[in-house]
Amino acid sequence: MNKHLIALAVAAATLSGAASAAQVYSDDSSSLAIGGRVEARALLSEQADNENVPAKLQTTDNEVTDISRVRVNIDAKTQIADGVQGIGFFEREFKDDNSNDENRYMYAGVNSDQYGQIVYGKADGSLGMLTDFTDIMAYAGSVVGGTKLAVADRTTNNLAYAGTFGDLTFKANYVFAGADYDKNGNKTDVHGFSTAAKYNVADTGLALGLGYGEQRDQNGVNTHKARSEQTFATASYTMGDLYFGGLYKYGRRDGKNLVTDNVTDTQGYEFAAAYTAGKAVFTTTYGFMKDENAHNVYDELANAVAIDGTYYFNSNFRTYASYTFNMLDKNKVGKVAASDEFVLGARYDF
């Protein structure tokens, strides 16, 4: 097990199944690999006992929910010129309720060993490279980074570029306006762009990141195109088996107030740490986010501490336990939105 790799990629949830993909075909110019994961997950949390009831009035019980999933991906590559490859990637996620199955990735494009990669389809936006600084848990996600704009996240109709030049990685993507309509014939549309850069400061263990995203939304209710923006700044430091990461976000009309349900401006920050001890990895994060109201009054949108431990039996199989302490005010957002979560999981990568 490469402990340094775990610290850098920050172990747990962020390691892709593609990393252990098996090559099933190869010749002088082309290759095909299949990978993925099987992940059993049991979630203990407070679930609402009744539907169509306002959040503040819901009654709850601690219940165990099966949130297991399977991901399967296909990674194809063929040499089309000296140092240039045609590439294609597909990944689908399956859950116990097949109505929640989804195609996570579906793209094709060209990769140049010298100039980077450009693809079109359902692909990552640019800000995920930055939210990965703190999105390190085996289960719990980044409460701040998880609110990035749709055009800056994994999305369809997406033309995306990524290139690494020495210690600098640069990403940019544009999501086109689509031909989508609701059942009443009104055009629905989300389009925009995001861009980000990450710089590894030589061999110091320090990495810095900065990114920006902007999108415009149109739907049958708001026929004008509402503009949303986000700016992310990140930093991380790796020292042996220790990893520390931090993230700051400022957003304009990029979130919803949990009390009033109104679109609002947001500010948030998040801190993460990981420690590798042999085959065990321990991680923790703290995230806080608030909206921006008049007269310096704000409502909390996120306030949580998560801790987990992961044990790697080998590079293919791991088990983990994760607990999230949710510190939102249940009197404002309701018991369910303010509930803690505990998860036990086992994951096999292939």
Legend entry - same_hphob_cluster(Phe325, Leu44) at 4.5 Å side-chain heavy-atom cutoff: yes
Legend entry - Closest heavy-atom pair and its distance - Ala338, Asp329: CB-C, 4.4 Å
Legend entry - Reported CG-to-CG distance for the pair Asp291 and Asp299, which is rounded to 0.5 angstrom: 5.0 Å
Legend entry - Interatomic spacing from OG in Ser31 to CD in Gln85 - rounded to 0.5 Å: 9.0 Å
Legend entry - Intermediate values then yes/no, side chain to side chain contact (heavy atoms under 4.5 Å, CB included), Phe350 and Val38: CA-CA 8 Å; Phe350 59 91; Val38 179; 4.2 Å; yes
Legend entry - From CA spacing to verdict: side chain to side chain contact (heavy atoms under 4.5 Å, CB included), Gln230, Gln215: CA-CA 9 Å; Gln230 286 180 338; Gln215 75 180 30; over 6 Å; no
Inset, instruction - In sequence, state the C-alpha distance, the side-chain angles, and the governing distance for Tyr320 and Glu39, and then conclude on side-chain hydrogen bond (donor to acceptor under 3.5 Å, both in side chains). - result: CA-CA 11 Å; Tyr320 58 84; Glu39 191 170 7; 2.6 Å; yes
Legend entry - N/O donor-acceptor pair under 3.5 Å between Glu300 side chain and Ala302 backbone: no
Legend entry - Same apolar cluster (I L V M F W Y, side chains within < 4.5 Å links), Met289/Val263: no
Legend entry - Shortest non-hydrogen contact between Thr324 and Ala140, atoms and distance: OG1-CB, 3.6 Å
Inset, instruction - For the residue pair Tyr174 and Phe176, categorise the inter-ring angle as parallel (less than 30°), tilted (30 to 60°) or perpendicular (more than 60°). - result: perpendicular
Inset, instruction - In plain terms, say whether Arg154 and Glu102 are close enough for a salt bridge, that is, a side-chain N and a carboxylate O under 4.0 Å apart. - result: yes
Inset, instruction - Please state whether the rings of Phe282 and Tyr275 are parallel, tilted or perpendicular, taking 30° and 60° as the class boundaries. - result: parallel
Inset, instruction - State, with a plain yes or no, whether a side-chain heavy atom of Val190 is found less than 4.5 Å away from one of Val175. - result: no
Legend entry - Backbone N/O of Met137 and side chain of Asp308: donor-acceptor pair under 3.5 Å: no
Legend entry - Pairwise side-chain contact, Ile67 with Tyr139, heavy-atom cut-off 4.5 Å (strictly under): yes
Legend entry - Close side-chain approach of Phe193 to Val151, heavy-atom, < 4.5 Å: no
Legend entry - Asp113 atom CG: more than 12 heavy-atom contacts under 6.0 Å: yes
Legend entry - Side chains of Glu229 and Tyr250 in contact at under 4.5 Å (non-hydrogen atoms): no
Legend entry - Shared hydrophobic cluster, Tyr120 / Met106 (ILVMFWY, side-chain heavy atoms < 4.5 Å): no
Legend entry - Where at least one partner belongs to residues 157-171, residue pairs that pass salt bridge (Lys or Arg N to Asp or Glu O under 4.0 Å), sequence neighbours excluded: none
Inset, instruction - Verify the cluster assignment for Phe288 and Phe271: are they in a single hydrophobic cluster under the rule of side-chain heavy atoms below 4.5 Å apart? - result: yes
Inset, instruction - Considering non-hydrogen atoms only, spot the tightest contact between Arg41 and Ser68 and give its length. - result: N-OG, 3.1 Å
Inset, instruction - Kindly compute the distance separating OG1 (Thr155) from CG (Leu149), expressed to the nearest 0.5 Å. - result: 11.0 Å
Legend entry - Spacing of OG1 belonging to Thr169 relative to CG belonging to Asn200, to within rounding of 0.5 Å: 6.5 Å
Legend entry - Heavy-atom pair with the smallest gap, counting every atom of Lys256 and Thr264: C-CG2, 4.0 Å
Inset, instruction - Check the hydrophobic clustering (I, L, V, M, F, W, Y; side-chain heavy atoms under 4.5 Å; chains of links allowed) and say if Leu208 and Phe244 are grouped together. - result: yes
Inset, instruction - Could you tell me whether the side chain of Ser194 and the main chain of Ser126 form a donor-acceptor pair under 3.5 Å? - result: yes
Legend entry - Any side-chain donor near an acceptor of the partner, Asp254 and Ser228, under 3.5 Å: no
Legend entry - Main-chain N/O of Phe317 paired with Asn314 side-chain donor or acceptor, under 3.5 Å: yes
Inset, instruction - Establish, yes or no, whether a centroid distance under 6.0 Å links the rings of Phe89 and Tyr107. - result: yes
Legend entry - Pairwise side-chain contact, Asn326 with Asp340, heavy-atom cut-off 4.5 Å (strictly under): yes
Inset, instruction - Sort out for me which residue in Thr231, Thr131, Thr234, Thr266 forms a side-chain hydrogen bond (donor to acceptor under 3.5 Å, both in side chains) with Lys249. - result: Thr266
Inset, instruction - Kindly say whether Tyr286 contributes a backbone atom to a donor-acceptor pair with the side chain of Tyr269 at under 3.5 angstrom? - result: no
Inset, instruction - Would you check if the side chain of Asn173 reaches a backbone N or O of Leu159 as a donor-acceptor pair within less than 3.5 Å? - result: no
Legend entry - Expected output: side-chain Asn262 to main-chain Asn257 donor-acceptor under 3.5 Å: no
Legend entry - From CZ (Arg104) to CG (Asn73), nearest 0.5 Å: 9.5 Å
Legend entry - Side chains of Met327 and Val305 in contact at under 4.5 Å (non-hydrogen atoms): yes
Legend entry - Min side-chain heavy-atom separation Tyr248-Val144 under 4.5 Å: no
Legend entry - pair Arg227-Glu214: side-chain heavy atoms closer than 4.5 Å: yes
Inset, instruction - Decide, yes or no, whether a salt bridge links Lys77 with Asp75 under the criterion of side-chain N to carboxylate O below 4.0 Å. - result: no
Legend entry - Shortest non-hydrogen contact between Ala160 and Asp124, atoms and distance: CB-O, 3.9 Å
Legend entry - Whether over 12 other heavy atoms sit under 6.0 Å from Tyr115 OH: no
Legend entry - Pairing of Arg216 and Asp189 as salt bridge, 4.0 angstrom limit: no
Inset, instruction - Please state whether the rings of Phe170 and Tyr161 are parallel, tilted or perpendicular, taking 30° and 60° as the class boundaries. - result: tilted
Inset, instruction - Output the distance between atom CZ (Arg318) and atom OH (Tyr311), rounded to the nearest 0.5 Å. - result: 13.5 Å
Inset, instruction - Give a yes or no answer on whether the side chain of Lys279 reaches the backbone of Phe313 with a donor-acceptor pair at less than 3.5 Å. - result: yes
Inset, instruction - Test the Arg92-Phe90 pair against the cation-pi criterion, namely NZ or CZ under 6.0 angstrom from the six-membered ring centroid and within 45° of the ring axis. - result: no
Inset, instruction - Provide the closest heavy-atom pair for Gly145 versus Phe232 in the form atom of the first, atom of the second, distance. - result: CA-CE2, 4.3 Å
